[in-house]
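Here's the structure we're looking at; comments come further down.
Indexing begins at 1, ligand by ligand and atom by atom, following the structure's order. Heavy atoms only: backbone and side chains are in, while hydrogens, waters and symmetry mates are out.
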Amino acid sequence: MKILIVLAHPEPQSFNAAMYYSAIKTLLENGHEVRTSDLYQMNFNPVSGRQNFTSAKNEAYFSQQSEELFAYGNNAFADDIVAEQDKVFWCDLMIWQFPLWWFSVPAILKGWVDKVFAMGSFYDNGRIYDNGMLKSKKALLSVTTGGPEKNYVTTKYGSTNQILHPIQTGILEFVGFSVLQSEIHFSIERITDEERKAVLEKWEKRLKNIFI
Ligand SMILES: Cc1cc2nc3c(=O)[nH]c(=O)nc-3n(C[C@H](O)[C@H](O)[C@H](O)COP(=O)(O)OP(=O)(O)OC[C@H]3O[C@@H](n4cnc5c(N)ncnc54)[C@H](O)[C@@H]3O)c2cc1C
């Protein structure tokens, strides 16, 4: 199968990077095709604006969604967006590897979505959820947290289901992805090295059987 892995972490030696590299290795070893978007290493610019496009429908007033519709019909997306859109269209499964930052994805990943998941190409009137344009694809969120699991059960934080709901339902399912059970690892800086190694092993084991 074809898998796109998106990493949103600035440190190549981080635990998130370790999860990302172990996913690449495991999936390749199991005969899958893998493409990647290591957003910080790519120096991906997450800021949306006129730079998303190579030409404009309306030079006088910028409306991102109407420019996206125009760009879709006129091949007018900037190269960095075309490259990322192609990877998403190509994949059967998309994995996002990220640390939970302010109860959400890091801004670089949100900016990637803002630019890449364009109207006309990824969704349109009536082409959402069950009728979404990316309907045959699966997505998986692989997340680490600083906070311990109990905080997401007993405190004001809310559950991880609640926290990930806007990402799962407002982004991925919105454009048609089926979202698999999230891979969530809590307190990743506070557990022992052995426990982190066990997390990596569990992740590799899951990925070996991800399409079964
Ligand atoms: C802006 C911001 C907002 C945040 N908001 C939240 C929030 O809303 N909720 C929340 O819970 N937390 C929050 N955090 C904390 C954040 O989620 C954690 O810092 C993050 O999940 C830790 O993951 P990491 O990859 O950065 O860990 P790292 O610090 O990179 O790694 C943890 C440890 O793993 C070690 N390691 C690396 N590779 C391996 C390996 N192969 N095997 C074993 N060990 C390894 C590292 O050396 C390190 O000791 C926030 C942090 C920031 C910066």
Aromatic rings Phe77 and Phe53: how do their planes relate, parallel, tilted or perpendicular, breaks at 30° and 60°?
tilted
Near Asn58 CG, under 6.0 Å, is it more than 12 heavy atoms from other residues, nucleotides or ligands?
yes
Does atom CD (Glu11) have a neighbourhood of more than 12 heavy atoms from anything else shown, all under 6.0 Å?
yes
Any pair counted as side-chain hydrogen bond (donor to acceptor under 3.5 Å, both in side chains), so long as it reaches residues 203-212, sequence neighbours left out
Glu183-Arg206
Quick one: are the ring centres of Phe103 and Tyr157 less than 6.0 Å apart?
yes
Below 6.0 angstrom between ring centroids: does that apply to Phe98 and Tyr20?
no
Compile the protein residues with any heavy atom at a distance under 4.0 Å from an atom of ligand 1; present them by chain, then by number.
His9, Gln13, Ser14, Phe15, Asn16, Ala18, Pro99, Leu100, Trp101, Trp102, Phe103, Thr144, Thr145, Gly146, Gly147, Tyr152, Ile188, Glu189, Asp193, Arg196, Leu200
